[in-house]
2 protein chains.
Amino acid sequence: MAKLWVRFLLGGLALLVAIGYKKYGELAAPGKRPDLDNNAYWGPKLKGPYRENKAILPLDISVKPEVIEDLRSQLSRPSKAQPPLEGVAFEYGFNANELAKMIKYWRDTYLVKWNEREQYLKKLDHFQTEIQGLKIHFIHAKPSQVKGQKPKKVLPLLLMHGWPGTVREFYDFIPLLTTPSDKSDYVFEVIAPSLPGYGWSQGSSKTGFGVAQAAVVMRNLMLRLGFEKFVVQGGDWGSIIGSNVASLFPENVLGYYSNICGNHSPLGQIKMSLEWIFPSWFVDSKYTDFYKGLGHHVNTILEEMGYAHIQASKPDTIGNALIDNPAGLAAYIIEKFSTWTNPSYKSLPDGGLTKRFTYDQLLDNVMIYYLTNSITTSMRMYSESMVASQFALNVDGVPITAKAGCSRFVHEVLHTSDSVLANKFPNLIHSTYHSDGGHFPAFELPQQLYDDFIIYIQKAEF
Amino acid sequence: MAKLWVRFLLGGLALLVAIGYKKYGELAAPGKRPDLDNNAYWGPKLKGPYRENKAILPLDISVKPEVIEDLRSQLSRPSKAQPPLEGVAFEYGFNANELAKMIKYWRDTYLVKWNEREQYLKKLDHFQTEIQGLKIHFIHAKPSQVKGQKPKKVLPLLLMHGWPGTVREFYDFIPLLTTPSDKSDYVFEVIAPSLPGYGWSQGSSKTGFGVAQAAVVMRNLMLRLGFEKFVVQGGDWGSIIGSNVASLFPENVLGYYSNICGNHSPLGQIKMSLEWIFPSWFVDSKYTDFYKGLGHHVNTILEEMGYAHIQASKPDTIGNALIDNPAGLAAYIIEKFSTWTNPSYKSLPDGGLTKRFTYDQLLDNVMIYYLTNSITTSMRMYSESMVASQFALNVDGVPITAKAGCSRFVHEVLHTSDSVLANKFPNLIHSTYHSDGGHFPAFELPQQLYDDFIIYIQKAEF
């Protein structure tokens with residue numbers, strides 16, 4: 001109740017004043033690496049001292065048939081969803097009529113061929129190891145070489161998804177990375193973990209596990225696997241956690257590449273604010289399509305950021321509302337694959353969901369959240385990262401000295417220009433604009449993302 | 001992902017600039033009553049012309065036993081909720097351990113005595129009539145008189161709840177209103193409707209049904225019942241819809257009383273903003289406890305307004321996630337009865353839920369949402385009211401000329417001082433501060449609310 005926008009207004013003003021008090025010099029100075037405990041224990045309370053089990057074991061992701069049967073029975077409950085308002089597509093969120101269709105498909109088609117879907121998910125190799133008290137899952141995809149040809153140089157790549165994604169986003173992208181290509185002198189050994197608290201990776205039992213702490217775990221995973229030097233790539237939280245890895249561990253990171261580079265350093269925030277108000281100060285006129293100005297951003301905050309607001313403040317309430325609730329989980333998750341792929345899809349009766357994805361792809365992704373019961377722990381990434389104690393670490397203020405590459409796909413929620421990125425990425429060697437695609441390019445346009453990434457890698461000459 | 005507060009910051013700045021452009025005189029001028037269609041049809045699409053069925057019929061709110069049985073079976077599913085983080089109570093939202101206890105109570109105690117609960121809900125008289133295409137439910141409680149004593153003057157009272165409330169909030173309050181008291185020359189004939197889209201009242205099938213449109217329906221309901229002149233009272237949306245009734249229909253409204261008076265006129269918003277920054281300019285030093293300044297409000301926006309953000313933007317997604325999901329619905333709704341009753345309850349392991357309410361009271365309220373399947377339609381009140389087309393009506397800018405009374409209970413989310421209220425309430429005859437109580441005083445402290453209300457009524461001399 002009461003009007004939210006007034007509260008945004010005042011919240012914004014307060015923050016602006018707070019920032020205004022800081023001196024520019026102080027803002028522009030690079031931050032120092034915070035002193036994080038690289039061995040912090042995040043698992044459940046122990047009776048004795050912690051002994052990390054360093055074994056790296058294959059993980060069987062098979063699902064018991066009774067779990068699928070139970071899911072089918074839940075999806076068979078008659079829908080009580082309220083019909084959408086007349087003439088409404090996805091403007092009010094997930095359209096109930098379309099949800100009913102998707103549930104029917106899920107129950108009557110997808111689950112019937114679950115064995116096939118499960119085999120598909122198993123076609124990449126899954127492993128698990130224990131890091132800092134957390135069981136961490138990852139896909140390990142080794143590169144191939146072509147017989148009789150000069151072997152490609154192998155680069156280890158830490159590839160990270162975000163919310164509400166999973167490793168499923170990378171199933172078409174990973175084979176491109178591991179297969180030698182004429183376009184590239186390199187081939188990749190890919191480690192694609194489930195983020196802690198996501199999918200098959202255990203979530204922290206303790207408060208204070210945000211992006212910086214996740215970055216420590218991810219780097220420890222790479223060290224465990226024997227990769228002292230590696231390239232980092234990610235989108236969404238994977239981009240931010242990757243940025244934390246690169247900021248905290250320059251000694252390990254050869255390069256950083258993301259399809260949603262951001263600069264959340266104090267200076268970066270101010271520059272980004274100005275960019276929103278005066279895009280022409282920052283942006284080449286060729287790319288004005290990517291920078292729609294303040295009104296667009298305010299609308300985006302109001303219309304599209306509610307999920308982040310509630311997840312950052314009440315993750316356990318919204319998590320508990322989605323636990324063991326497959327239809328609700330699908331609506332909540334898959335809505336993002338409509339709007340974030342292309343905001344104009346909101347006005348399509350089916351949310352444009354099948355324009356870029358198949359129902360199978362979208363449901364595979366939901367199934368991972370459902371089967372691993374990870375929606376609550378996934379949402380805690382918001383509460384633990386969008387909080388004063390995390391901001392106080394100021395990892396964002398630490399420049400990434402590794403060679404960096406930033407690609408932009410036009411329908412992404414928010415773009416950041418090179419001039420705004422500058423103080424965070426002093427070594428930005430690659431910056432591109434794509435007139436297609438949205439928030440999930442590895443899932444939506446894997447070839448295009450690969451082609452862009454490879455250009456970056458060739459430039460970097462690692 | 002990406003930091004939300006920067007977006008608030010810019011959103012706020014933009015709105016401030018937009019408001020700054022308006023001239024003060026223009027802002028201070030009272031708004032004009034907008035031209036609303038008092039007979040607009042909001043029901044489902046019709047083949048022929050609409051003929052309103054004006055019958056006023058008793059409504060049987062009985063529930064079929066199989067519905068209760070089905071609910072019991074849903075509540076019997078083993079909980080898959082993730083445990084809360086170590087040491088966390090309700091700071092991350094509804095605590096999963098407490099939720100498990102509540103679900104157990106619901107299933108094993110509450111539902112077992114459902115007949116008793118149903119009889120309790122039936123102890124007030126329920127009716128239904130059709131207004132503008134919507135079936136509208138209301139409680140009609142007639143006043144009693146004491147034999148042999150001078151009859152009390154009878155005042156019709158339109159009493160409105162909000163979100164996530166129902167008429168259940170008023171079960172202890174209504175008997176106080178309808179029973180003659182030594183303290184009062186008045187006794188009340190109470191009409192307590194379920195808001196359109198809430199409880200047993202049908203929601204609109206069409207877009208554009210916000211607080212002003214709801215106010216038209218509520219006034220038409222009073223006219224239907226033969227009340228040309230009446231007093232309006234409410235909390236939460238009931239307060240805002242009541243404010244709309246009083247602004248749009250001064251010819252019908254004798255008085256307006258609320259426990260959360262607000263002033264959302266353009267001038268009011270600016271004054272309120274200044275009040276947040278400089279409370280001492282506006283507030284008597286006696287009441288500084290009620291006005292905690294900007295930092296507090298920014299925190300409140302960030303920590304407590306996520307629900308409103310998502311409900312205003314994606315009501316159908318979050319609604320679909322809670323439909324036919326009793327455990328999730330309880331967590332989502334009852335969380336508010338912790339934090340809004342007293343924000344410090346967040347740090348109590350049980351959310352302080354039973355400090356002021358019983359589980360039966362809280363579950364009665366959830367049951368109404370569950371049984372009437374109304375969570376989605378209730379949430380649309382946010383999307384339809386917090387939107388440019390609704391603001392453009394500027395009902396907020398129309399002063400309420402009726403005699404007004406405003407009470408404040410200390411733990412309410414936000415208080416507005418008399419000086420901020422002034423241009424909206426030129427006839428504010430009663431203004432009080434209570435050192436106890438929160439957002440649901442009719443539910444929590446019915447006697448105290450009644451006593452305050454009666455003082456207002458005595459002053460008003462209707």
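Hydrogens, waters and symmetry mates play no part in the numbers below; they use all other heavy atoms, side chains included. So you know, we letter chains A, B, ... as the sequences are listed, proteins then strands, and number each from 1. The structure displayed is predicted, hence computed values, not measured ones.
Neither the backbone nor the side chain of B:Ala327 comes within less than 4.5 Å of any heavy atom in chain A. For chain A, the nearby parts of B:Pro84 are the backbone and the side chain; heavy atoms of each come within less than 4.5 Å. For A:Ser383, the part sitting under 4.5 Å from any heavy atom of chain B is the side chain, from C-beta outward, and nothing else. With a 4.5 angstrom heavy-atom cutoff, B:Asn325 touches chain A only via side-chain atoms. When heavy atoms are compared at a cutoff of 4.5 Å, B:Gln390 does not approach chain A at all.
For the residue pair B:Asp324 / B:Gln74, a side-chain donor-acceptor distance below 3.5 Å is found, with atom types taken as modelled.
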Atom pairs and distances, donor-acceptor, side-chain atoms in residues 313-322 of chain A, under 3.5 Å, two or more places apart:
residue	atom	partner	partner atom	Å
A:Ser313	OG	A:His309	O	2.7
A:Ser313	OG	A:Ile310	O	3.4
A:Lys314	NZ	B:Glu304	OE1	3.0
A:Lys314	NZ	B:Glu304	OE2	3.1
A:Asp316	OD1	A:Arg380	NE	3.0
A:Asp316	OD1	A:Arg380	NH2	3.4
A:Asp316	OD2	A:Arg380	NH2	3.2
A:Thr317	OG1	B:Phe94	N	2.7
A:Thr317	OG1	B:Glu335	OE1	2.5
A:Asn320	ND2	A:Asp316	O	2.9
A:Asn320	ND2	B:Phe94	O	3.2

(request) Begin from the C-alpha positions of A:Asp236 and A:His439 and carry the test side-chain hydrogen bond (donor to acceptor under 3.5 Å, both in side chains) through to its verdict. (result) CA-CA 8 Å; A:Asp236 198 90; A:His439 186 73; 2.7 Å; yes

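For B:Thr416, the side chain to side chain contact (heavy atoms under 4.5 Å, CB included) partners are B:Met272, B:Val420, B:Leu421, not counting sequence neighbours.
Aromatic ring pairs are classed by plane angle as parallel below 30°, tilted from 30° to 60° and perpendicular above 60°; the pair B:Tyr307 and B:Trp163 is parallel.
Shown here for A:Ala96 and A:Ala81, the closest heavy-atom pair between the two residues is CB-CB, 3.9 Å.
Ranked by heavy-atom pairs shorter than 4.5 Å toward chain B, the options A:Gly306, A:Gly295, A:Pro44, A:Gly328 are led by A:Gly306. Comparing B:Gln82, B:Glu91, B:Met381, B:Arg77 by heavy-atom pairs within less than 4.5 Å of chain A, the highest count is held by B:Arg77.
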